2 protein chains.
Amino acid sequence: MTVEQRKSASGRAGSGAAAGLFSPVSAVRVSQVIVDQIRLLIQQGRLKPDDRLPSERDLCEQFDVSRVTVREALRVLEAGGLIEIRVGARGGAFVSTPSSARVGEGLADLLKLSPLTAAEVTEARMVFELGIVPIVVERATPEDIAALKEICDRQQDALKDESYSMTLSAEFHVRVAACTHNAAIEMLVKSFHGPLLMSLEEAKVAAPVMGRRGSTEHREFVDAIERRDADQATAIMRAHLQRTADRVAPDTAEC
Amino acid sequence: MTVEQRKSASGRAGSGAAAGLFSPVSAVRVSQVIVDQIRLLIQQGRLKPDDRLPSERDLCEQFDVSRVTVREALRVLEAGGLIEIRVGARGGAFVSTPSSARVGEGLADLLKLSPLTAAEVTEARMVFELGIVPIVVERATPEDIAALKEICDRQQDALKDESYSMTLSAEFHVRVAACTHNAAIEMLVKSFHGPLLMSLEEAKVAAPVMGRRGSTEHREFVDAIERRDADQATAIMRAHLQRTADRVAPDTAEC
DNA sequence: CAGGACTATTGGTATGACCATATTGCTGGT
DNA sequence: ACCAGCAATATGGTCATACCAATAGTCCTG
């Protein structure tokens, strides 16, 4: 029996599964209902990363809709970074590991669309990265500090053979955020340093100059953390970030 | 001539939009190419918010693909918050105004999927909202302050007829962020107060108790801003947010 | 046993049709 | 002349079927 055939008898019972408890009467857009159902399964952990969803054709039967509908649902989920679609035999939709990169991309998209300047984004970043310094000072473990030092070492090596890049700098800042032992903070900072900053053309030209001096400041910062000197650490980080900010927007130098 | 008929001669031209410089040879997925094209048009401002894209059937012709393909592309763009689709005559795809709500949803998704606690998210929010206080003190205009006072008034009215809600509180905090006159900061704070916080069940139970006291603190905060007293303002806001944090995670009361 | 050809699985796209909805505008009655 | 109501139309949403393309496994051949 095809979907078309049984439509008359069903009377649009409106699934009722996905939107739980008085689901909005919407019901216009079956594909959205499917999106919600699958999203829910993933959020509830009943589908774990790397799990494979049934093939499109199987899903058609299970949801009792056409393949087009299933496909549109999968596309939305894919765009949202919840699943990843591979073609070929043994292909299909796989639950993807939550990645800050996806969010970063979404952020970058919207920021590029809004009339946001690099200066504004940089300032927001400054606020956040400065704000976490006291937390870092308080919570950084010896392991954290060792990891930071290790990154500093690699940066100095990179300076020698001139392979220093913004990626290395980003790695440092993300690791600092990780010292808060707060996954939310870490993820946000990651988002900042991911596609977001990279998408700002202005940010790139700043990289080369940042090299030596930035690296030095990184090391001083770690020392301050190790001494649990919040004021000093904050001051160093402020100068460090401010220099980036000035480079990004020399004109907009406010205050 | 149908699409099918001319397929042989086409030969895939690989977008190059999204991944910048040497786009992956992928090109398996015409719909993605369309997504990139439209996305580019929007980013370049050649399609402005509220502009209406051609109807699906028109786009089919212009891109020379089938309707399914166009639809999948539109779905992806819609999921990314770049366009909004309305049905009916005079319906179609409209370039949407960049909204922080979308970003917030993306963030909320990511956070919900990760094993993040409400306490972590709240702490991240604290860091950010505290960090902007000095900027607010510096940049708040008389109009900003007047707007904040007006919100305070409405909150007190709401207290009388017991209609005080988290929404009102959120409005205040977002308006405070707007005082930085930095769109990026405003957008981030909006994201925090939008789908993100709302998705945290724990946050809701905190609302009723916050009412009177929260309202008072709001007003004190505005006064401090008016006096340009950064220290005082920060102190008030810290206490205010800390109270929320304690409610959200009574157990995790750190520091 | 190695390597290439075959086959099955699965996503990607094309077509053509029909339904649901919302806007527009006409039409007839007051 | 005005308004309620219905028909026409534009547009997205879905369905069914068919075929193409990519990939992994299998089998056959040398």
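Letters A, B, ... are given to chains in the order of the sequence lines, protein chains preceding strands, and every chain is numbered from 1. These numbers come from a predicted model, not from an experiment.
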Between the protein and nucleotides 3-9 of chain C, which nitrogen or oxygen pairs come in under 3.5 angstrom?
{"unit_1": "C/dT9", "atom_1": "O2", "unit_2": "A/A89", "atom_2": "N", "d": "3.2"}

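- Residues passing the ring-ring contact (aromatic ring centres under 6.0 Å, His included) test with A/F128 are B/F128, sequence neighbours excluded.
- The CD atom of A/E72 sits 7 Å away from the P atom of D/dG13 (whole-angstrom rounding).
- Looking at heavy-atom distances under 4.0 Å, A/I85 makes contact with sugar-phosphate atoms alone, never a base.
- In this structure, A/R86 does not reach the C/dG11 phosphate: none of its side-chain N or O atoms is under 4.0 Å from OP1 or OP2.
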inquiry  = Let's go through A/R57 and A/E61 carefully: what are the C-alpha distance in whole Å and the side-chain angles of both, what is the deciding distance for salt bridge (Lys or Arg N to Asp or Glu O under 4.0 Å) to 0.1 Å, and is it a yes or a no?
reply    = CA-CA 7 Å; A/R57 289 166 178 90; A/E61 286 186 22; over 6 Å; no
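- Of the side-chain N and O atoms in A/S31, one or more sit less than 4.0 angstrom from OP1 or OP2 of D/dT14.
- Distance, A/R29 CZ to D/dC15 C1': 17 Å, rounded to whole Å.
- The side chain of A/S55 has C/dT10 as its nearest neighbour among D/dG13, C/dT10, C/dT13.
- Between B/L77 atom CG and D/dG12 atom C1' there is a gap of 16 Å when expressed in whole angstrom units.
- Checked against D/dT23, D/dT14, C/dT13, the side chain of A/S66 finds its nearest nucleotide in D/dT14.
- For B/V65, taking side-chain heavy atoms from C-beta onward, the closest of the listed nucleotides C/dG12, C/dA14, D/dT11 is C/dA14.
- For B/E56, taking side-chain heavy atoms from C-beta onward, the closest of the listed nucleotides D/dG13, D/dA16, C/dG12 is D/dG13.
- Here the side chain of B/T69 is nearest to one of C/dC18, C/dG11, C/dT13, namely C/dT13.
- Residue A/R90 qualifies as open at atom CZ: its count of foreign heavy atoms under 6.0 Å is 12 or below.
- Within the model, atoms CG of A/L82 and CD of A/Q43 stand 7.0 Å from one another, a figure rounded to the nearest 0.5 Å.
- Applying the 4.0 Å criterion to OP1 and OP2 of C/dG12, one finds that A/R71 has a side-chain N or O inside that range.
- One atom, CZ of A/F63, and another, C1' of D/dC15, lie 17 Å apart when rounded to the nearest Å.
- Note on A/R75: a side-chain N or O is less than 4.0 Å away from OP1 or OP2 of C/dT13.
- Put simply, CG on A/D64 is 8 Å from P on D/dC15, counting in whole angstrom units.
- B/H193 and B/E129 are linked by a side-chain donor-acceptor pair at a separation below 3.5 angstrom, with hydrogens and angles left out of the test.
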